[in-house]
Amino acid sequence: MVKSVCLSPSLLSADFADLRSAVQKIEESRCKFIHFDVMDGHFVPQISYGQPVLKSVRAITGAALDVHLMVEKPELMVDSFIDAGADFITFHLESTVHSNRLIQMIHDRGKKAGISIVPSTPVSALSEVLADVDLVLVMTVNPGFGGQKLIPSCVEKIRLLDELRKKNGYKYLVSVDGGINNSTVSSVVDAGADVVVSGSAFFSGEFKWDY
Ligand code: DX5
Ligand code: ZN
């Protein structure tokens, strides 16, 4: 069986004055996911967009909205992002003490729970949540900005997460985010990624996706 790999374009690199066209471009590329990067100016230096923008995007697409919370205290925002239309809520292990409770909160609302790690966090730090999450997002850049270069040493984490799910029967998707372009995409797909996030390469129009 050929494994299917999905592209999840990140709206962070879209023209914010024309999000409707950006969503159309994503739909024309037959992507099943849209990646929605939320930045709070604390966990990462910049502020991007939030619940009202997600609600407007929800109104014009049936794609799965994959919300990546790069925020402190994500527990304060989970309900409002779900109310605004999120299908997946992915938060950072580094952003909260109570990951287990947060996963439960997301599941109690009937949504998929994802967890993400920054480049300096090892996969071993996720050991107590891997059985419970629906998605693990491996950051291959330090979060906060689009258009950075992929850190090659992070790719090994994808391979490790793929091995761990096979060995233990875990059900999570492995997603990867940061610096994916024509030169780096094969390395993350070969390592076992299921969902590949792309911002600047996708919206530049130069990205060739043939998975
Ligand atoms: C970075 C964000 C990414 C970003 C990826 O902090 O989480 O989703 O949009 O952008 P590229 O693909 O340009 O690295
Ligand atoms: Zn992201």
Side-chain angles (χ1 to χ4, degrees), residues 5-16 19 22-23 25-26 29 31-51 53-54 57 63-72 74 77-78 81 86-95 106 112-121 133-155 157-158 161 172-189 191 193-209 211:
V5 185
C6 296
L7 180 61
S8 182
S10 165
L11 283 181
L12 192 64
S13 293
D15 174 0
F16 292 173
L19 280 179
V23 170
K25 180 176 160 74
I26 293 171
S29 309
C31 300
K32 292 190 278 186
F33 289 89
I34 296 179
H35 188 83
F36 192 88
D37 286 303
V38 179
M39 302 178 176
D40 67 349
H42 295 279
F43 186 72
V44 292
Q46 289 197 321
I47 295 173
S48 55
Y49 37 52
Q51 298 88 336
V53 176
L54 186 70
V57 171
L65 296 176
D66 158 28
V67 173
H68 177 194
L69 293 179
M70 287 167 277
V71 304
E72 287 180 2
M77 298 184 197
V78 160
F81 274 103
D87 297 294
F88 281 76
I89 299 273
T90 297
F91 63 94
H92 273 265
L93 178 72
E94 304 88 0
S95 68
I106 298 165
K112 304 279 190 197
I115 195 148
S116 185
I117 49 173
V118 302
S120 58
T121 301
V133 289
D134 303 291
L135 180 144
V136 181
L137 179 65
V138 175
M139 291 302 302
T140 40
V141 297
N142 286 295
F145 305 94
Q148 302 180 80
K149 273 203 170 141
L150 175 139
I151 301 169
S153 58
C154 295
V155 175
K157 294 184 194 177
I158 301 168
L161 283 160
Y172 52 77
L173 294 168
V174 180
S175 184
V176 54
D177 186 6
I180 315 291
N181 54 35
N182 289 328
S183 328
T184 55
V185 65
S186 62
S187 69
V188 301
V189 171
D194 310 287
V195 182
V196 174
V197 176
S198 172
S200 49
F202 178 82
F203 281 103
S204 73
E206 286 161 18
F207 196 36
K208 289 193 188 59
W209 177 260
Y211 292 95

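Every number for a ligand or one of its atoms is a count from 1 in the order of the listing.
For Asp194, the salt bridge (Lys or Arg N to Asp or Glu O under 4.0 Å) partners two or more places apart in sequence, or in a different chain, are Lys3, Arg165. Scanning for side chain to side chain contact (heavy atoms under 4.5 Å, CB included) contacts around Ala113 gives Ile103, Ile106, His107, Asp134, with sequence neighbours left out.
Atom CZ in Phe91 sits 4.0 Å away from atom CD1 in Ile115 (nearest 0.5 Å). Distance check: Gln148 CD to Met139 CE gives 7.5 Å after rounding to the nearest 0.5 Å.
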- Message: Is there a side chain to side chain contact (heavy atoms under 4.5 Å, CB included) between Ser186 and Tyr211? Walk through the geometry before answering.
- Response: CA-CA 9 Å; Ser186 62; Tyr211 292 95; 3.6 Å; yes
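Taking all atoms of both residues into account, the shortest heavy-atom contact from Asp37 to Tyr49 is O-CE1, 2.9 Å. Annotation for Pro74 and Leu69: closest pair CB-CD1, 4.0 Å, computed over non-hydrogen atoms. Here the closest non-hydrogen pair linking Pro119 and Lys157 is O-NZ, 3.0 Å. Closest of all the heavy-atom pairs between Ile158 and Ala193 is CG2-N, 3.5 Å.
Note on the Zn ion (ligand 2): protein N, O or S atoms under 2.8 Å away count 4, no waters included.
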Kindly print each ligand 1 N/O atom paired with any protein N/O atom under 3.5 angstrom away, one pair per line, or none if nothing qualifies.
from     : atom 1 : to     : atom 2 : distance (Å)
ligand 1 : 6 (O)  : Gly144 : N      : 2.7
ligand 1 : 7 (O)  : Asp37  : OD1    : 3.0
ligand 1 : 7 (O)  : His68  : ND1    : 3.3
ligand 1 : 7 (O)  : Asp177 : OD2    : 2.9
ligand 1 : 8 (O)  : His35  : NE2    : 3.4
ligand 1 : 8 (O)  : Asp37  : OD1    : 3.1
ligand 1 : 8 (O)  : Asp37  : OD2    : 2.8
ligand 1 : 8 (O)  : Asp177 : OD1    : 2.7
ligand 1 : 8 (O)  : Asp177 : OD2    : 3.0
ligand 1 : 9 (O)  : Ser10  : OG     : 2.9
ligand 1 : 9 (O)  : Asp37  : OD2    : 3.1
ligand 1 : 12 (O) : Gly199 : N      : 2.8
ligand 1 : 13 (O) : Gly147 : N      : 2.7
ligand 1 : 13 (O) : Ser200 : N      : 3.0
ligand 1 : 13 (O) : Ser200 : OG     : 2.5
ligand 1 : 14 (O) : Gly179 : N      : 2.8

